[in-house]
Structure formats: C-alpha cells, structure tokens
Amino acid sequence: RNWPEMGHVIYNRVHARYAATLPAILHYVSIDFKPGMKVGICGRTGSGKSSLTLTLFRIIDTFKGSIHIDGIDIGKLSLVDLRSRLAIIPQDPFMFTGTVRFNLDPEERRSDAEIWEALEVAQLKELVRDLPNNLDSMVHEGGDNFSVGERQLFCLARAILKKTRILIMDEATASIDVHTDAILQEVVATAFHKETVITIAHRVSTILDSDQIVVLSEGHVAEVGTPGSL
Ligand code: ATP
Ligand code: MG
C-alpha cells in the first residue's frame with residue numbers, strides 16, 4: 001500500500017468556494033486529523049460540513065491555504081490519483097450505471113472472492129446473491145433500484161475494497177436508517193479500526209465515541225474538543 005500510508009490530514013487555513021464567482025463557504029479552517037483518529041464533524045445545516053469533506057477530493061476549490069495528506073499538498077496531485085486513494089460515503093450516495101462489480105471495484109483490482117468478502121462485511125451478500133446476475137447485475141442510473149441505505153452500504157463495500165487509509169462518512173439526513181447506521185458504526189469500529197475516519201454526524205449518538213469533535217459554524221471552526229469537553 002503506498003500513499004497515503006498514515007492517513008494524516010492537515011487543513012492549514014483553508015478558504016474554499018464552489019466557484020470563482022461565488023463567495024467563500026469555508027474560512028480559515030485549520031484542523032489536524034491525526035492518523036487513525038475518529039473525528040466527528042457537527043454543526044447546523046449549511047455550516048459547511050459536507051463542503052469541508054469535498055475539499056479533500058478537490059470537488060470544491062481551496063483558493064487560499066492548503067490541505068496536506070501525509071506531507072503531500074493535495075493541490076499538487078492529479079485528480080485521478082487523489083480520488084482513487086480516498087473513500088467517501090456521501091450524504092446522497094450515488095452509484096454508477098454499470099454492473100455491481102464495476103460499482104464496487106471500478107479499477108478492477110480485486111478478485112471475486114475479495115468482493116464477496118467486502119459484501120459480507122457490509123451485509124449486502126444476500127441482496128447481491130439474490131440478484132439475477134449476482135456481481136454482473138446492472139445498476140440502474142444513479143442506483144435507484146436500491147434504497148438510500150443500501151446505496152450507502154455499497155459505498156461502504158467500495159471503501160473496504162479500496163483499502164483506503166482515510167474514510168469520510170456523511171450521514172444521510174433524509175433517511176434516518178437505523179439498520180444502515182448500525183452496520184456503518186460496526187464496520188468503522190472493526191474494518192476501519194486503524195484508519196482515519198471523518199464522520200459528519202447528524203445524530204449525537206454517532207459522535208459520542210469519537211476521539212475528537214469539530215464544530216463548524218458559518219464555515220468557521222467554532223470549537224474543537226473531545227466529546228466530554230464540549
Ligand atoms: P447539511 O447539514 O444540511 O448537510 P452542511 O453543513 O453539509 O449542511 P454544506 O452543504 O457544506 O452544509 O453547505 C455550506 C454552504 O455552501 C451553504 O451556504 C450552501 O448553500 C453552500 N453550497 C452547498 N452546495 C453548494 C453548491 N453545489 N453550489 C454552491 N453553493 C453550495
Ligand atoms: Mg451536508
């Protein structure tokens with residue numbers, strides 16, 4: 001496994017915006033996500049939580065300041081390189097039009113056995129086994145033949161197969177799905193035990209056992225601390 005080996009993410013006075021013509025939505029954000037830390041991000045709707053994580057993928061433009069992962073300025077990497085090394089379970093999880101296999105392992109780096117193993121961990125094994133063509137079944141555009149919870153679990157299986165050091169989870173607000181949530185929590189505690197995990201939390205229960213909590217307010221870091229200290 002090469003970069004990132006540690007999963008050390010440093011935001012250094014990040015200012016970010018969706019487009020050059022739009023106002024900044026993150027201001028002076030400095031956060032040190034230590035390797036292996038479980039960090040919860042919270043804050044009101046519109047405070048910039050999702051945007052903060054999207055800067056990691058350079059979906060949003062960091063126009064001032066920098067983000068380093070294991071000492072490398074992500075602004076200097078190619079987008080393909082950068083995005084293939086990080087994994088996200090988005091608020092509105094998406095799937096590609098293509099087979100289930102393609103969705104789980106777009107770079108075709110894993111064996112069928114590895115894919116089934118990841119599906120088992122994400123508790124999707126039975127669902128895929130019951131599809132007409134198993135791993136070769138087609139996913140409809142956007143994944144609308146699956147529920148939001150199922151799509152999140154597919155994103156989780158994809159993250160497991162990526163063997164990423166850094167996982168970002170953006171809890172879905174619309175569908176509070178207790179079953180999916182329980183699986184996500186369990187997998188983070190086991191399969192991602194050693195990895196850096198950044199979780200955007202809409203439920204207090206999700207962040208109670210974080211190592212650190214970052215509270216955002218209007219695009220600023222308002223508070224950083226342990227769950228007990230806040
Ligand atoms: P929520 O809890 O509702 O998910 P959030 O904390 O994730 O909220 P963001 O989605 O990061 O908030 O939004 C931060 C700011 O960026 C808001 O002012 C929002 O209007 C703006 N914003 C979000 N998405 C876009 C976009 N695609 N284009 C332009 N501005 C956007
Ligand atoms: Mg959001």
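Note that the coordinates shown come from a computational prediction; the quantities given were computed from them, not determined experimentally. All values below were derived from every heavy atom in this structure, side-chain atoms included, with hydrogens, water molecules and symmetry-related copies excluded. If you read the sequence from its start, that first residue is 1, and numbering goes on from there. In listed order, ligands and their atoms are each counted from 1.
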If you count the non-hydrogen atoms of other residues, nucleotides and ligands that lie under 6.0 Å from CD in Q185, is the total more than 12? yes

Around the Mg ion (ligand 2), number of protein N/O/S atoms which are nearer than 2.8 Å: 2

Find all atoms of ligand 1 within a distance of less than 4.0 Å from any non-hydrogen atom belonging to R44, and give their numbers and elements. 6 (O)

Report yes if some N/O of G46 lies less than 3.5 Å from some N/O of ligand 1; otherwise report no. yes

Residue pair L104 / L161: nearest heavy atoms and the distance that separates them: O-CD1, 3.6 Å

Residues in salt bridge (charged side-chain N to carboxylate O under 4.0 Å, His left out) with R13, at least two apart? none

When Ile, Leu, Val, Met, Phe, Trp and Tyr are grouped by side-chain heavy atoms lying under 4.5 Å apart, directly or through other members, which residues fall in the same group as I213? I207, V215, L230

Exactly one of I168, L167, L56, I166 clears side-chain contact (heavy atoms from CB on, under 4.5 Å) with I88, and that residue is I168

Numbering the atoms of ligand 1 from 1, which are under 4.0 Å from a heavy atom of Q91? 4 (O)

Using a 4.0 Å heavy-atom cut-off, say whether T45 meets ligand 1 through its side chain, its backbone, both or neither. both

For the residue pair T180 and G149, what are the closest heavy atoms and their distance? OG1-CA, 3.3 Å

Enumerate the atoms of ligand 1 whose separation from the nearest heavy atom of H202 is less than 4.0 angstrom. 2 (O)

Could you tell me which non-hydrogen atom of H27 sits nearest to which non-hydrogen atom of H15, and how far apart they are? CA-ND1, 4.0 Å

Do Y28 and H220 have ring centres separated by under 6.0 Å? no

Mind checking whether S47 has a heavy atom under 4.0 Å from ligand 1? yes

Quick check: does G48 get an N/O under 3.5 Å from an N/O on ligand 1? yes

Looking at I25, which atoms of ligand 1 are within less than 4.0 Å of one of its heavy atoms? 15 (C), 16 (O)

Tabulate below the donor-acceptor pairs under 3.5 Å that side-chain atoms of residues 58-71 make, not counting sequence neighbours, or state none.
from, atom 1, to, atom 2, distance (Å)
R58, NH1, I74, O, 3.1
R58, NH1, L77, O, 2.6
D70, OD1, G7, N, 3.0
D70, OD1, H8, N, 2.7
D70, OD2, E5, N, 2.8
D70, OD2, M6, N, 2.6
D70, OD2, G7, N, 3.2

In sequence, state the C-alpha distance, the side-chain angles, and the governing distance for M169 and V188, and then conclude on side chain to side chain contact (heavy atoms under 4.5 Å, CB included). CA-CA 10 Å; M169 296 205 291; V188 165; 3.5 Å; yes

